[in-house]
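Below is one structure, written out as structure tokens; the observations come after it.
This structure is a prediction, so every number in the text was calculated from the model and none was measured.
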Amino acid sequence: MTIQFLIRGFIVGFIASVSLGPVGVMCIQRTLSKGRLSGLVSGLGAATADTLFAIIAFFFIALVNSFIEKNMAIITLIGGCCVAFVGVRIFMTNPAVQIRRNQGRKTDLWQDYISTFLLTLTNPAFVLWLILLFSAFNLQYDPTAEDLTRVTSGFLTISGFLAGTCSWWYLLSWVIGKLRQRFRPHHLLWINRVMGIVIAMLGAWAVITTVIQIIEDIHL
């Protein structure tokens with residue numbers, strides 16, 4: 001039944017988003033310092049980019065594999081530098097100042113959305129993970145099927161994926177938002193410091209391991 005594509009797509013979207021990488025940590029930090037809506041919108045930015053990757057992984061697997069294999073080092077270096085920069089910026093930010101600044105005025109939600117959208121796009125290797133998930137749940141594009149079947153299955157799969165990833169970000173922002181009232185400004189400052197260090201280390205690790213790999217390849 002075609003509804004299975006929607007259900008399986010939802011499961012893949014939810015599972016693919018659960019990993020708390022740099023974007024997930026950023027959404028938590030924004031929820032704590034700026035409010036639940038900011039965290040949710042930030043998550044939706046990541047969900048949009050993930051859905052674009054899902055479309056590529058579902059329909060253009062061969063093309064994506066070739067591109068990623070040829071440009072993996074450059075992609076990883078750029079992504080790692082972006083992640084490290086975000087981590088340092090979070091570390092240097094005082095959430096208490098953010099909270100006071102955001103009181104009485106609307107948060108720049110577009111900036112929250114665009115920043116996580118662009119950051120997520122710096123990790124196209126995520127497509128490989130999606131390919132594995134789609135394969136595991138038997139969600140594969142069949143070019144030999146009838147036109148209506150191909151269009152319907154593709155639309156339901158991607159729609160389910162989008163619903164799944166958005167559900168995860170809504171759940172995460174809701175849970176963190178509930179806990180937000182328990183934190184005092186000095187608690188938030190230390191959370192910012194820790195999360196900033198974690199994100200920066202993730203980015204630095206990606207850059208360092210890539211550079212080491214490039215050096216090893218040169219000497220071979």
Side-chain angles (χ1 to χ4, degrees), residues 10 12-57 75-95 97-99 101-102 105-130 133 158-159 161-180 188 191-207:
F10 180 93
V12 170
F14 192 89
I15 293 176
S17 304
V18 166
S19 177
L20 282 180
V23 175
V25 176
M26 184 190 302
C27 292
I28 292 175
Q29 182 268 340
R30 285 180 177 174
T31 302
L32 290 173
S33 62
K34 300 170 69 176
R36 176 184 166 190
L37 184 58
S38 175
L40 174 59
V41 171
S42 298
L44 293 180
T48 304
D50 286 345
T51 302
L52 292 178
F53 285 146
I55 293 173
I56 295 173
I75 292 171
T76 305
L77 281 174
I78 294 175
C81 290
C82 290
V83 170
F85 173 78
V86 169
V88 172
R89 185 173 181 181
I90 289 177
F91 181 87
M92 299 297 293
T93 301
N94 187 338
V97 175
Q98 278 189 322
I99 292 173
R101 186 170 61 236
N102 292 325
R105 73 178 182 86
K106 298 180 66 174
T107 302
D108 190 352
L109 297 179
W110 273 113
Q111 181 178 350
D112 294 338
Y113 177 89
I114 294 298
S115 60
T116 51
F117 173 77
L118 294 177
L119 181 59
T120 304
L121 287 180
T122 63
N123 183 31
F126 181 67
V127 173
L128 297 177
W129 172 232
L130 292 179
L133 286 177
I158 299 304
S159 297
F161 181 94
L162 178 60
T165 184
C166 288
S167 296
W168 161 252
W169 292 115
Y170 177 84
L171 177 63
L172 179 65
S173 63
W174 182 83
V175 172
I176 300 301
K178 287 292 183 181
L179 299 175
R180 181 175 181 248
L188 295 177
I191 290 173
N192 250 37
R193 297 291 187 263
V194 172
M195 289 185 173
I197 291 174
V198 170
I199 293 176
M201 289 179 63
L202 288 172
W205 176 256
V207 172

May I ask you to test the [X]-[Y] pair for a side-chain heavy-atom distance under 4.5 Å?
X	Y	answer
Thr48	Tyr113	yes
Leu52	Phe117	yes
Thr116	Asp112	no
Phe53	Leu121	yes
Asp50	Phe161	yes

Would you compute the distance between atom [atom1] of [X] and atom [atom2] of [Y] and round it to the nearest 0.5 angstrom?
X	Y	atom1	atom2	answer
Leu171	Leu40	CG	CG	11.0 Å
Ile176	Ile28	CD1	CD1	4.5 Å
Ser173	Lys178	OG	NZ	11.5 Å
Cys27	Arg36	SG	CZ	13.5 Å

May I ask you to decide if [Y]'s main-chain N or O and [X]'s side chain share a donor-acceptor pair within less than 3.5 Å?
X	Y	answer
Trp168	Phe14	no
Thr122	Leu119	yes
Ser167	Ala163	yes

Give me the atom names and distance for the closest heavy-atom approach of [X] to [Y].
X	Y	value
Ala57	Leu130	CB-CB, 4.0 Å
Gly177	Thr31	N-CG2, 3.7 Å
Val41	Leu109	CG1-O, 3.3 Å
Trp169	Gly43	CD1-O, 3.2 Å
Cys81	Val207	N-CG2, 3.7 Å
Val23	Ala46	CG1-CB, 3.5 Å

Is there a donor-acceptor contact under 3.5 Å linking the side chains of Arg30 and Ser38? no
